[in-house]
Student: 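What follows is a structure written as structure tokens; I'll ask about it next.
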Protein chains: 2
Amino acid sequence: MSAIRVALAEDQAMILGALAALLETEADLTVCARARNGREALAAVASARPDVLVTDIEMPEMTGLTLAAEVRASHPDTQVIILTTFARPGYLRRALEAGAKGYLLKDRPAAELAAAVRRVRRGERVIDPELAAEAWASDPDPLTERERQILWRAGEGRSGSEIAVELSLSEGTVRNYLSEAISKLGAANRIEAARIARQKGWL
Amino acid sequence: MSAIRVALAEDQAMILGALAALLETEADLTVCARARNGREALAAVASARPDVLVTDIEMPEMTGLTLAAEVRASHPDTQVIILTTFARPGYLRRALEAGAKGYLLKDRPAAELAAAVRRVRRGERVIDPELAAEAWASDPDPLTERERQILWRAGEGRSGSEIAVELSLSEGTVRNYLSEAISKLGAANRIEAARIARQKGWL
DNA sequence: GCGGCGCCATGACAACTGTCATCCCGCCCC
DNA sequence: GGGGCGGGATGACAGTTGTCATGGCGCCGC
């Protein structure tokens, strides 16, 4: 029986090395490639042809979500597992749409990573159980595109008038959208609204 | 020659396990305790008496910075290494003030962790070289403790009056502190001020 | 073809926020 | 013992923000 070949993509070098060490402790797994950003990872997948790619989401050059879509398109034999800090239903949905077979949180016990690799290799899907439940129960993104644009800028500290200029709107309109977003999110003000939206993965 | 005993504190279980696997690959190191928050870590240090404690900063219950100070006070034989994502001069300064002997970024190659543990064990200091240079050049934290408390709450989206009640101050006083903080940070409003302070590691 | 929805706008009002001047207290340091 | 500094406060003023009512435009679906 030959070992399962795993590629790893993670932007923090020390975490990358540590995850590799973790996987190498399993006799039936071997880390055949490592990458520190999405572009590197795509190249690594092309040359090393791993059975499974384990990737972070937030990376320079190319996010793990885009990477997952690219890998599915050009190397369908490589299964993708997203490994991330973020328990955001929005991310999970986008990951599944991008063809990822696994979505695991860095919060979970270390043993689950190897287990997930084996299961995905067998063709199963592995979704973090808590997150899967939450994603089903959780409300979909209530924000319109405009509201998102404006709320994001407000969350960065820009004032109503600055946002108005930036988006070629009137100040009043900006206030209207913010007011709408605040009430949709049940927040008390723009700052809290931005915080909530960020946390839910809607920004 | 007996192995160097290391305790690990990190809130993300998978990273905790991975770092442990990484350290265990070194023949002269052994992980004698693991903790997922500051309080657990303090208890673990008390019972396991490690030579070195490697800890994250942002953890529930007690931050790594507070933890470092507590360990120095109650277990001076245990050396502390801060291992974090954040290249913030403010964090570094506070870490050193808290008695940490090492400050390492998760960005660095995995091999540096074991090297740092050995050096700290020998009584040396290990500071991330890039960060050390930057810290020297960078401006010191201009915020007073009150300003920090208030700005932090404002950054969470709380209103002036809520903050006033929470800290038993008058609304006007809260506004005064915020105004001071905003001008010290060269921001246009409380939101931007909070963003800047966070980014610099002053919050 | 009408209703609903996203998008954009105006105007008005109340509430919140940012600034400034000016004050009191206590502490530490020279 | 006077000055500086952090903490705390008041009052006044202008500017920003949040809410509401109301209207117009275009697109989609029934």
Student: List the atom pairs, with distances to 0.1 Å, where a side-chain N or O of residues 109-118 of chain B and a protein N or O form a donor-acceptor pair under 3.5 Å, not counting sequence neighbours.
Tutor:
unit_1	atom_1	unit_2	atom_2	d
B/Glu112	OE1	B/Arg108	NE	3.2
B/Glu112	OE2	B/Arg108	NE	3.4
B/Glu112	OE2	B/Arg108	NH2	3.1
B/Arg118	NE	B/Asp28	OD1	3.4
B/Arg118	NE	B/Asp28	OD2	2.6
B/Arg118	NH2	B/Glu26	OE1	2.6
B/Arg118	NH2	B/Asp28	OD1	3.0

Student: When the side chains of residues 10-19 of chain B are checked against the rest of the protein, which donor-acceptor pairs come out under 3.5 Å, sequence neighbours left out?
Tutor:
unit_1	atom_1	unit_2	atom_2	d
B/Glu10	OE1	B/Lys106	NZ	3.0
B/Glu10	OE2	B/Gln12	N	3.1
B/Gln12	OE1	A/Thr85	OG1	3.3

Student: Residues two or more places apart in sequence or in another chain: which of them pass side-chain hydrogen bond (donor to acceptor under 3.5 Å, both in side chains) with B/Ser179?
Tutor: none

Student: Are side-chain heavy atoms of B/Leu53 and B/Leu67 found at a separation under 4.5 Å?
Tutor: yes

Student: Using whole Å, report how far CZ of B/Arg153 lies from P of C/dT17.
Tutor: 15 Å

Student: Within the sub-3.5 Å range, which N or O atoms of nucleotides 5-7 of chain C have a protein N or O partner, and how far apart are they?
Tutor:
unit_1	atom_1	unit_2	atom_2	d
C/dC7	OP2	A/Thr144	OG1	2.7

Student: Could you tell me which residues satisfy side-chain hydrogen bond (donor to acceptor under 3.5 Å, both in side chains) with B/Arg125, sequence neighbours excluded, listed by chain and number?
Tutor: none

Student: Considering residues at least two apart in sequence or located in another chain, which fulfil the salt bridge (Lys or Arg N to Asp or Glu O under 4.0 Å) criterion with B/Arg153?
Tutor: B/Glu166

Student: B/Glu58: what forms a side-chain hydrogen bond (donor to acceptor under 3.5 Å, both in side chains) with it, not counting sequence neighbours?
Tutor: B/Tyr91

Student: When the axes are fitted on five pairs at both termini, how much does the helix from C/dG1-D/dC30 to C/dC30-D/dG1 curve, in 10° steps?
Tutor: 40°

Student: For each nucleotide in nucleotides 15-28 of chain D, reading 5' to 3', give B when a protein heavy atom comes within less than 4.0 Å of its base, S when such contact involves only the sugar-phosphate, and - otherwise.
Tutor: --BBBB--------

Student: Find every protein N or O atom lying less than 3.5 Å from an N or O atom of nucleotides 24-29 of chain C, and list the pairs.
Tutor:
none

Student: Which value, rounded to the nearest 0.5 Å, describes the distance between A/Leu151 atom CG and A/Arg148 atom CZ?
Tutor: 9.5 Å

Student: So among A/Leu22, A/Leu83, A/Val54, A/Asp56, which one has a side chain to side chain contact (heavy atoms under 4.5 Å, CB included) with A/Leu8?
Tutor: A/Val54

Student: Side chains of residues 69-82 of chain A: which donor-acceptor partners sit under 3.5 Å, not counting sequence neighbours?
Tutor:
unit_1	atom_1	unit_2	atom_2	d
A/Arg72	NH2	A/Glu97	O	3.4
A/Ser74	OG	A/Glu70	O	2.8
A/Thr78	OG1	A/Pro50	O	2.7

Student: Surrounding CZ of A/Arg195 (heavy atoms of other residues, nucleotides or ligands, distance under 6.0 Å), is the total greater than 12?
Tutor: yes

Student: Suppose we screen for side-chain contact (heavy atoms from CB on, under 4.5 Å). Which residues come up paired with B/Arg5, at least two apart in sequence or across chains?
Tutor: B/Thr30, B/Cys32, B/Ala48, B/Asp51

